[in-house]
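Have a look at the structure below, then the notes.
Residue numbering restarts at 1 for every chain, and letters A, B, ... go by the order of the sequence lines. All values reported here derive from a predicted model rather than from experimental measurement.
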2 protein chains.
Amino acid sequence: MVNSKIKTKIKTKITTGNRPSAEARILLAARHVFMTKGMSGARMQDIADEAGINKALLHYYFKNKERLFDVIFRDASSVFFPKITGIIESTDTLEKKLEKFCCAYIDMMLQNPFLPLFVLTEANKRPAEFRKKFWRTREQVFQKFAEEISTEAEKKKELNINPAHLFLNMISMCIFPFIAKPIWQMSTGMNDKEFREFIDERKKIIPQLIIASLKKKCL
Amino acid sequence: MVNSKIKTKIKTKITTGNRPSAEARILLAARHVFMTKGMSGARMQDIADEAGINKALLHYYFKNKERLFDVIFRDASSVFFPKITGIIESTDTLEKKLEKFCCAYIDMMLQNPFLPLFVLTEANKRPAEFRKKFWRTREQVFQKFAEEISTEAEKKKELNINPAHLFLNMISMCIFPFIAKPIWQMSTGMNDKEFREFIDERKKIIPQLIIASLKKKCL
DNA sequence: CTTTGTATTAACCATCTGGTTAAACTATAT
DNA sequence: ATATAGTTTAACCAGATGGTTAATACAAAG
């Protein structure tokens with residue numbers, strides 16, 4: 001019955017052999033189970049099994065299911081909501097920035113295929129909690145980029161579209177294919193390799209389309 | 001202990017007063033609860049409460065949770081996957097068809113805000129079952145429209161983009177905003193009325209953008 | 001070797017949850 | 001009226017699930 005508040009600060013465990021520590025294994029297993037099954041679908045026993053430990057040890061390291069979920073979800077959203085300040089503040093052209101943004105975003109999702117649906121589901125199912133727990137520091141992330149698009153495009157007298165629409169169009173085309181992957185594959189018959197190549201093409205196609213939509217003469 | 005197989009064929013219940021029948025109330029409640037909480041998050045008791053009946057009556061009308069879910073989900077997907085044959089076979093121009101498609105799709109989602117996430121979540125969480133149970137008859141729905149775009153665009157020698165990308169772009173921009181609604185509202189500060197107006201604008205903006213992407217000179 | 005504090009486990013518990021049972025109710029037809 | 005067949009309910013059950021407890025293994029420090 002140690003005081004868990006003290007324990008969690010200490011974290012003295014050394015990885016015996018080359019196997020990751022129990023805590024690390026729990027986090028890994030929890031991420032996998034939560035991402036694939038969702039909060040309500042995930043079973044603590046499944047996480048324990050996958051981490052190769054006793055269920056009680058879960059509650060030793062993480063007070064309860066909600067806390068464990070929060071850790072995973074906070075980490076997931078920090079990945080999902082991209083650090084775009086770097087891209088914004090670069091000296092690249094707007095075109096280049098858009099391309100970089102899409103590319104970075106798509107690559108991130110290729111590495112975390114279940115992440116978009118995971119984050120979006122939680123934001124929909126428990127919006128109040130989502131806002132309170134996970135939105136605080138990220139409030140202006142998207143807005144900044146939208147403003148950047150707006151100002152830079154106005155500078156060139158080419159603005160043809162509400163930057164809000166432009167931005168939403170862009171992230172829609174980037175993110176949605178990952179959420180719709182199974183249905184899309186059923187519809188088209190694409191296998192995983194073909195889907196992967198198809199997605200790679202979109203890294204160029206999406207910025208092209210977005211840039212074109214900026215130019216008045218096109219519409 | 002009546003034979004439920006016979007019972008379900010008969011359906012003689014008359015709506016006493018003007019209150020909907022218990023079965024109808026169950027379906028209504030089930031749709032609401034399943035759509036907002038998902039399969040694993042939904043509780044049979046919640047559905048019973050919301051329908052104003054005893055939990056046992058749920059199992060009287062619908063053998064078990066899975067069966068009830070299937071009824072709701074099958075109905076939901078029949079709405080989600082649009083009947084586009086009518087639009088395809090019309091004599092409208094491609095432009096008009098695209099516009100009609102987006103408009104119809106967006107209107108449907110305005111009336112069923114939780115539907116997209118509901119269907120897409122299920123397709124992701126249990127792809128095998130989704131395919132087996134709900135995909136059978138709808139296999140070529142999307143493909144047909146994609147082919148339509150391809151052939152008609154080639155006819156005009158304007159084809160500039162893989163029709164698969166074009167189609168995916170279109171449905172991404174139509175559907176994604178509804179899935180991302182809570183996050184989008186947090187980011188932009190839009191209230192529900194503003195969001196509704198914003199979405200209305202997209203009924204024109206999306207087809208415009210898609211049509212522009214067809215024209216070679218624009219890219 | 002013993003002490004001490006952490007890591008880990010088996011067994012347990014309370015509650016939740018999907019599902020069942022048998023009895024009671026209601027309307028309709030004879 | 002009463003027989004019949006569908007409808008609705010209260011009470012119940014078994015298993016799943018999140019969470020707890022108390023005892024044990026283990027490693028480092030004295």
Checklist entry - ring-ring contact (aromatic ring centres under 6.0 Å, His included) with B:Phe69: which residues, sequence neighbours excluded? => result B:Phe34, B:Phe73, B:Phe118

Next on the checklist: Using whole Å, what does the distance between atom P of nucleotide C:dT26 and atom CG of B:Leu57 come to?
Outcome noted: 15 Å

Checklist outcome for this item: To the nearest angstrom, the NZ-P distance between B:Lys65 and C:dG18 comes to 4 Å

Item to check | A:Lys97: side-chain hydrogen bond (donor to acceptor under 3.5 Å, both in side chains) partners, not counting sequence neighbours | outcome: A:Glu148

Checklist entry - For C:dT6, does either OP1 or OP2 sit under 4.0 Å from a side-chain N or O belonging to A:Tyr60? => result no

Checklist entry - Heavy atom of residues 35-55 of chain A under 4.0 Å from DNA chain C: which residues? => result A:Ile53, A:Asn54

Next on the checklist: Without decimals, in angstroms, what is the distance between A:Asn64 CG and D:dT17 C1'?
Outcome noted: 14 Å

Checklist entry - Can you name the closest pair of heavy atoms from A:Pro20 and A:Ala24 and give their distance? => result CB-CB, 4.1 Å

Item to check | Nearest-angstrom distance from the residue atom CZ of A:Arg67 to P of D:dG18 | outcome: 17 Å

Item to check | ring-ring contact (aromatic ring centres under 6.0 Å, His included) involving B:Phe114 - partner list, sequence neighbours excluded | outcome: none

Checklist outcome for this item: In whole angstroms, the gap separating P of C:dT20 from CG of B:Leu58 amounts to 12 Å

Checklist entry - Can you tell me how far P of C:dA7 sits from CZ of A:Phe62, to the nearest Å? => result 12 Å

Checklist entry - Can you pull the side chain to side chain donor-acceptor pair (under 3.5 Å) pairs that have at least one residue in residues 27-39 of chain A, sequence neighbours excluded? => result A:Arg31-A:Asp75, A:His32-A:Glu50

Checklist entry - Counting side-chain heavy atoms from C-beta on, which of D:dG19, C:dT6, C:dA10 comes nearest to A:Ala56? => result C:dA10

Checklist entry - Within this structure, what is the NE2-to-C1' distance between A:His59 and C:dT9, rounded to whole angstrom? => result 14 Å

Checklist entry - Does any pair with a residue in residues 106-124 of chain B pass salt bridge (charged side-chain N to carboxylate O under 4.0 Å, His left out), and if so which ones, sequence neighbours excluded? => result B:Asp107-B:Lys203, B:Glu122-B:Arg126

